[in-house]
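Worksheet for the structure shown next.
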Amino acid sequence: MRFSSWSWNSGPALYPPCRVLEGLWEFAQPVHMCFVDLEKAFDHVPRGILWGVLHCEYGVRGPLLRAVRSLYDRSRSLVRIAGSKSDLFPVHVGLRQGCPLSPDDVVLLASSSQDLQHVLERFAAECEAAGMRISTSKSEAMVLDRKRVACPLRVSGEVLPQVEEFKYLGVLFTSEGKMEREIDRRIGAASAVMRSVYWTVVVKKELSRKAKLSIYRSIYASHPHLWS
């Protein structure tokens, strides 16, 4: 059995991998994972290839595709050194860092190290065809299993390090499938936010009840995935 690969941003996008791992752990199915980091990915993505993938593979066309492309039309940049700025120059490659449309990381999943190696090689080939490379120093392998299992992965002849835990988009994944540390971390983070909201919003007499409710909804009601 071979699983797929994903590229996620954050927030609700973490739901698919979490559910996949929870389901496989429940049925004692091992999962071999590779957390892939691309070398200077934001700077090297060819925009022409990006538009072609959106159109041909995902069916994005018409006004929606034009709207996405408009974010990059006539984009320019400059270089700042010691307070001095260069003249503006056009930029024809790369993505907007921090943009919700720009994926951050990639994780590949498979049921065995052999399948994962095959998927990784195909992914690496597609990246190289687009002028991008996998960073072997930042990419890591991990196996979710009830016993310790080796997962020797190679990229361009270099062996990727295998780890017992990995923080992916702010969520801690462990090879043992335990979520206690992640749950404790989320509880602590939520408690810190609630204390901050209490002292900066709730007890402030300068703010009206309407303003306090608006802030409350923007933090809690509008982003329930942050507290799940």
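Basis for what follows: all heavy atoms, side chains included, without hydrogens, waters or symmetry-related copies.
Not a single side chain to side chain donor-acceptor pair (under 3.5 Å) links Ser196 to another residue, sequence neighbours left out. Listed by chain and residue number, Leu38, Phe123, Met132 satisfy the side chain to side chain contact (heavy atoms under 4.5 Å, CB included) test with Cys127 (two or more places apart in sequence, or in another chain). Residues forming a salt bridge (charged side-chain N to carboxylate O under 4.0 Å, His left out) with Arg209 (at least two apart in sequence, or on another chain): none. Shown here are the side chain to side chain contact (heavy atoms under 4.5 Å, CB included) partners of Pro161, two or more places apart in sequence or in another chain: Glu140. For Arg74, there are no side chain to side chain donor-acceptor pair (under 3.5 Å) partners, not counting sequence neighbours. Tyr198 pairs by the ring-ring contact (aromatic ring centres under 6.0 Å, His included) definition with nothing, not counting sequence neighbours. For Thr136, the side chain to side chain donor-acceptor pair (under 3.5 Å) partners two or more places apart in sequence, or in a different chain, are Glu158. Partners of Thr200 by side chain to side chain donor-acceptor pair (under 3.5 Å), not counting sequence neighbours: none found. Residues satisfying the side chain to side chain contact (heavy atoms under 4.5 Å, CB included) criterion with Ser70, sequence neighbours excluded, are Asp73.
Listed by first and then second residue, the ring-ring contact (aromatic ring centres under 6.0 Å, His included) pairs involving residues 64-84 are Trp51-Tyr72 (not counting sequence neighbours).
When every heavy atom of Leu116 is checked against every heavy atom of Cys151, the shortest pair comes out as CD2-SG, 4.0 Å. The two residues Arg80 and Lys85 make their nearest non-hydrogen contact at NH2-CE, 3.5 Å. Contact between Leu120 and Cys34 at its shortest, heavy atoms only, is CD1-SG, 4.1 Å. In terms of heavy atoms, Arg47 sits closest to Gly94 at NE-O, 2.9 Å. For His32 against Ala150, the heavy-atom pair with the smallest separation is NE2-O, 4.4 Å.
For the pair Ser139 (side chain) and Asp37 (backbone), a donor-acceptor distance under 3.5 Å is present.
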Evaluate the side chain to side chain contact (heavy atoms under 4.5 Å, CB included) criterion for residues Leu153 and Val159: first the C-alpha distance (whole Å), next the side-chain angles of each, then the deciding distance (0.1 Å), finally the verdict.
CA-CA 6 Å; Leu153 298 180; Val159 179; over 6 Å; no
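Under a 4.5 Å side-chain heavy-atom criterion applied to ILVMFWY residues, the cluster that includes Val93 comprises that residue alone. Think of Val79 as one node in a network of Ile, Leu, Val, Met, Phe, Trp and Tyr side chains linked at under 4.5 Å; its network also takes in Ile81, Phe89, Val91.
Contact of the Val155 side chain with the Leu160 side chain is registered, since non-hydrogen atoms from C-beta on lie closer than 4.5 Å. At least one side-chain heavy atom of Leu50 sits under 4.5 Å from a side-chain heavy atom of Leu95. You'll find the side chain of Gln117 reaches within 4.5 Å of the side chain of Glu121, heavy atoms only.
Cluster membership check: Val201 does not share its hydrophobic cluster with Leu213, using side-chain heavy-atom separations under 4.5 Å among Ile, Leu, Val, Met, Phe, Trp and Tyr. A continuous path of ILVMFWY side-chain contacts below 4.5 Å connects Tyr58 to Leu71, so both sit in one hydrophobic cluster.
The side chain to side chain contact (heavy atoms under 4.5 Å, CB included) test with Val143 is passed by exactly one of Gln162, Met33, Glu164: Gln162.
Atoms CG and CG, from Leu109 and Leu144 in turn, are 10.0 Å apart once rounded to the nearest 0.5 Å. For the atom pair CG of Leu108 and NE2 of His118, the computed distance is 12.0 Å after rounding to the nearest 0.5 Å.
Open room surrounds CZ on Arg133; 12 or fewer heavy atoms of other groups in view lie less than 6.0 Å from it.
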